[in-house]
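See below for the structure under consideration.
Residue numbers begin at 1 in each chain, while the letters A, B, ... track the order of the sequences. Computed from a predicted structure; not experimentally measured.
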2 protein chains.
Amino acid sequence: MNVRQKPERTRLSAEDWEDAALNLIAEQGVGALAVEALARQLGVTKGSFYWHFRTREALLQAALERWEQYGEREIISQIEAIPDPRERLPELFRRVAHELHPHRVYAALLKALDHPLVVPVMARVSKRRTEFLHTAYSEAGLEAEEALNRARLTYAAYVGFLQLNFTLGLPRLSHEEFDAYVEHMIATLIPA
Amino acid sequence: MNVRQKPERTRLSAEDWEDAALNLIAEQGVGALAVEALARQLGVTKGSFYWHFRTREALLQAALERWEQYGEREIISQIEAIPDPRERLPELFRRVAHELHPHRVYAALLKALDHPLVVPVMARVSKRRTEFLHTAYSEAGLEAEEALNRARLTYAAYVGFLQLNFTLGLPRLSHEEFDAYVEHMIATLIPA
DNA sequence: GCGATTCCATACGGGCGAGTATGGATTGCG
DNA sequence: CGCAATCCATACTCGCCCGTATGGAATCGC
């Protein structure tokens, strides 16, 4: 903990602040996003911050936009590259299940749904992902109505799982238990 | 808005404060729980508050305990009263789906998982409910391992749905769409 | 009805963190 | 090299809200 990536990074850019903000959010939540704290962590003072950003909210906004931009790109394209549509969903499940850092941020944002700024971002992201699932289920053979509801159900299960196991450290699943759970999801949610 | 239940309730008890706190939490989230605001809303001043409670956190704690106590009691017992185990889960789904106020509080607490005080409460509640689902699935015919994972999946789907549709006002389902979604859940998650 | 207890109002102290002002250091550029 | 733009430090102000201190009003017990 408390390690600076580069001990002396004599000059900072707005992007540096945004990245640092996202990291801090991932570790301590949106509520902990304070400019003096961030400044300390970056080895500078407020003076620097208020040169790059007009306000604290502006940083949050920028950081969220940044996150929304460079969020899922790769995974989606990787999945779409799989030729057989029926193999895509299981592969998606397993791949997503073994991610970590993206989930941290998403979970942190999930428990910061108080804040008005994060709501629209999360809404957009969730919408896009649900739509992706929707078409995936359609291509896997479900008919329209059913595919949509299954997509909703799947994404809800994903979001809920993050809350229960990430934020609340609820069942504390072992590696094997977790894998078994994922396989159970696949068996239950994906048509044979 | 801003209606006092009883215009003049000349004297207040600790329970009154706790109820008011829960209502405020349900409407505006845990973050909005400020003693002066609450006092205004109750038509008194801080002086009153600090006679009943040692601190703001103490109120939150008390309110959460109160909520945890009188939370689900009735529904669970009603469900357990259903003779045929295979009818319990569908009935549970449909009943829960048509609640409202309890979900408000739960959703508000869900997006306040930042706060250290709410985490253990939510953990306990979620654990109990998942266990309830676990036995229900067992009684409905699933074997041990599968029943547990199905319970986790079901509760995760519930939690996620609250987040997506309550907090984010995401798909804005119509009445019919919502019912269709619930039936889809039943068809997908509950063994035939 | 009268003192003691319970409940509440008013006024103040103080911390925490956002935002401002201003001058100094560093870097790019002619 | 030297000037301008860029980046940062220091030292404030200010608002918000928790908590405290103390006196006054309402209510209960005898």
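- Taking the six-membered ring wherever Trp is involved, the centroid distance between the rings of B:F166 and B:F161 does not fall below 6.0 Å.
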For ring-ring contact (aromatic ring centres under 6.0 Å, His included), just list the numbers for B:H134 and B:Y155, CA-CA rounded to whole Å, side-chain angles, deciding distance to a tenth of an Å, and then say yes or no.
CA-CA 10 Å; B:H134 180 24; B:Y155 197 69; over 10 Å; no
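- At the phosphate of D:dT6, neither OP1 nor OP2 sits under 4.0 Å from any side-chain N or O atom of A:H52.
- Ion pairing between a basic and an acidic side chain is recognised when a charged N comes within 4.0 Å of a carboxylate O; A:D179 and A:R94 show no such pairing.
- Of all the residues in residues 59-66 of chain A, not one reaches under 4.0 Å from DNA chain D with any non-hydrogen atom.
- In this structure, CG of B:L24 is placed 15 Å from C1' of D:dC17, rounded to the nearest angstrom.
- The separation between A:F53 atom CZ and D:dC8 atom C1' is 15 Å, rounded to whole Å.
- Residue B:R40 contributes atom CZ, which lies 10 Å from atom P of D:dC18 at whole-angstrom precision.
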What string of B, S and - do you get for nucleotides 18-25 of chain C 5' to 3' if you count protein non-hydrogen atoms under 4.0 Å?
BBB-----
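- Aromatic ring pairs are classed by plane angle as parallel below 30°, tilted from 30° to 60° and perpendicular above 60°; the pair B:H98 and B:F178 is perpendicular.
- Applying the side-chain hydrogen bond (donor to acceptor under 3.5 Å, both in side chains) rule to pairs touching residues 44-64 of chain A yields A:E57-A:H115, sequence neighbours excluded.
- Salt-bridge formation is detected for the pair B:R95/B:E91: a Lys NZ or Arg NE/NH1/NH2 atom is positioned less than 4.0 Å from an Asp or Glu carboxylate oxygen.
- If you take CH2 of B:W51 and C1' of D:dC18, they are 20 Å apart, rounded to a whole angstrom.
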Given side-chain hydrogen bond (donor to acceptor under 3.5 Å, both in side chains), test A:H103 with A:Y158 step by step and report yes or no.
CA-CA 10 Å; A:H103 296 325; A:Y158 164 69; 3.0 Å; yes
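- Note on ring orientation: taking the six-membered ring where Trp is involved, the planes of B:F49 and B:W17 are perpendicular (angle over 60°, cut-offs 30° and 60°).
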